[in-house]
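All values derive from a computational prediction rather than experimental measurement.
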Amino acid sequence: MPFIIYSVPVVTQPEALMGRSQTFETDRVVRAAREVFWSAGYESASVPELERATGLSRSSIYHAFGSKRGLFDAAVQSYLDEVVRPRLRPLVADAVAPDALAGYLTGLRAALGRADEVQSTSGCLLVNAASAPIARDAAVRRTVAAYRAELRAALGRGVAAALPDASGAEADRLADACTALVVSAFTLVRVDPASALQCLDTAVELLDASRRA
């Protein structure tokens, strides 16, 4: 099954900017803003807080990204490219190892269990957005849905590699269950870390049980 890569459009690209020349490193600015949006959420991320994090003035932020929302779009793209997809990479390789899904689940559990990991305190940027007012925006809803589909497709490939003899229906049920448990873990980690980790343990147990069956 081909793996579909989704992209979130960024409002403006540095080479397309008009007027004042750009004097900052875009990637650094976007990463700094990403941390603010990730921990505070779009609505609670104030422009003054974004100014402090990025080192840019309000006018520079608006000049470079068009708006706070444009900066958020860039932060989401950065999150997908630098946080989500590297972790999913073993599941979307040309040849997926039989233990790739187990490795993803245990690696994610380790990240959510580390106090110094932003994911352990803030969960998932896009799962958080799905339950926030910003989700009323149609473009954000599409982005969240595409992210969930990307995650499900990757986990589905992991199931297929781990259980090559499973029926299509069985593989689909396990991939759906693992996806739901991963999303639940991201949702719970901010308020009930132990339950979040248990979700991932349950996913591993389901995978192990299916492999033994």
Side-chain angles (χ1 to χ4, degrees), residues 1-8 38 41 76 79-115 117-132 134-135 140-213:
M1 177 176 62
F3 184 67
I4 302 172
I5 295 296
Y6 296 90
S7 294
V8 180
W38 197 348
V76 166
Y79 177 75
L80 288 168
D81 290 342
E82 297 182 1
V83 179
V84 172
R85 288 170 183 149
R87 182 164 279 142
L88 293 178
R89 191 169 293 130
L91 296 168
V92 301
D94 290 339
V96 180
D99 62 350
L101 178 54
Y104 168 81
L105 293 169
T106 56
L108 181 59
R109 188 194 193 284
L112 295 189
R114 285 197 294 268
E117 278 276 350
V118 64
Q119 287 182 315
S120 69
T121 56
S122 301
C124 169
L125 175 60
L126 285 165
V127 171
N128 296 348
S131 59
I134 189 68
V140 172
R141 289 199 302 273
R142 289 193 296 271
T143 298
V144 171
Y147 162 67
R148 191 269 175 194
E150 184 169 344
L151 177 64
R152 168 60 177 80
L155 299 190
R157 296 194 79 221
V159 168
L163 303 169
D165 298 325
S167 68
E170 180 185 359
D172 283 343
R173 282 194 298 270
L174 182 56
D176 287 342
C178 288
T179 302
L181 287 164
V182 168
V183 172
S184 295
F186 281 136
T187 303
L188 289 169
V189 71
R190 292 179 297 167
V191 295
D192 189 353
S195 292
L197 299 183
Q198 183 57 54
C199 286
L200 298 174
D201 289 341
T202 299
V204 172
E205 289 165 6
L206 288 174
L207 178 61
D208 287 344
S210 296
R211 296 176 80 168
R212 290 194 301 268

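Residue pairs satisfying the side-chain hydrogen bond (donor to acceptor under 3.5 Å, both in side chains) criterion with at least one member in residues 203-213, sequence neighbours excluded, are absent. Counting only residues at least two apart or in different chains, side-chain hydrogen bond (donor to acceptor under 3.5 Å, both in side chains) contacts with residues 173-182 comprise R152-D176. Applying the salt bridge (Lys or Arg N to Asp or Glu O under 4.0 Å) definition to pairs two or more places apart or across chains, those involving residues 99-111 are R109-D201.
Proximity of L206 to L181: side-chain heavy atoms (C-beta onward) are separated by under 4.5 Å at one or more points. At a threshold of 4.5 Å between non-hydrogen side-chain atoms, the residues V159 and D172 do not count as touching.
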**Message:** Between F186 and L108, does the side-chain contact (heavy atoms from CB on, under 4.5 Å) criterion hold? Intermediate values first, please.
**Reply:** CA-CA 10 Å; F186 281 136; L108 181 59; 3.8 Å; yes
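Of the candidates V183, T143, L151, T143 is the only one forming a side-chain contact (heavy atoms from CB on, under 4.5 Å) with L126.
Y104 meets the ring pair (Phe, Tyr, Trp, His ring centres under 6.0 Å) test with no other residue; sequence neighbours excluded. Take R142 and apply the side-chain hydrogen bond (donor to acceptor under 3.5 Å, both in side chains) test, not counting sequence neighbours, and it matches no residue. Taking the side-chain contact (heavy atoms from CB on, under 4.5 Å) definition, one finds that V83 meets it with R34, W38, Y79, Q119, sequence neighbours left out. Residues that satisfy the salt bridge (charged side-chain N to carboxylate O under 4.0 Å, His left out) test with R114, not counting sequence neighbours, are E117.
G158 and L91 get closest at one heavy-atom pair: CA-CD2, 3.6 Å. Heavy atoms only, all atoms of each residue included: A135 and V140 are closest at CA-CG1, 4.1 Å. Closest approach of A162 to L207, counting heavy atoms only: CB-CD1, 3.9 Å. For the residue pair A100 and P90, the shortest heavy atom distance occurs at CB-O, 4.0 Å. Summarising the geometry of R157 relative to V96, their closest heavy-atom pair is NH1-CG2, 3.6 Å, with the distance given to 0.1 Å. Closest heavy-atom contact between G107 and R87: O-NH2, 4.5 Å.
Between L155 atom CG and L105 atom CG the span is 7.0 Å, to the nearest 0.5 Å.
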Output a table of donor-acceptor pairs, distance under 3.5 Å, between side-chain atoms of residues 189-199 and any protein atom two or more places apart or on a different chain; print 'none' if there are none.
{"from": "R190", "atom 1": "NH2", "to": "N128", "atom 2": "OD1", "distance (Å)": "3.3"}
{"from": "D192", "atom 1": "OD1", "to": "S195", "atom 2": "N", "distance (Å)": "3.3"}
{"from": "D192", "atom 1": "OD1", "to": "S195", "atom 2": "OG", "distance (Å)": "3.3"}
{"from": "D192", "atom 1": "OD2", "to": "S195", "atom 2": "OG", "distance (Å)": "2.6"}
{"from": "Q198", "atom 1": "NE2", "to": "T202", "atom 2": "OG1", "distance (Å)": "3.3"}

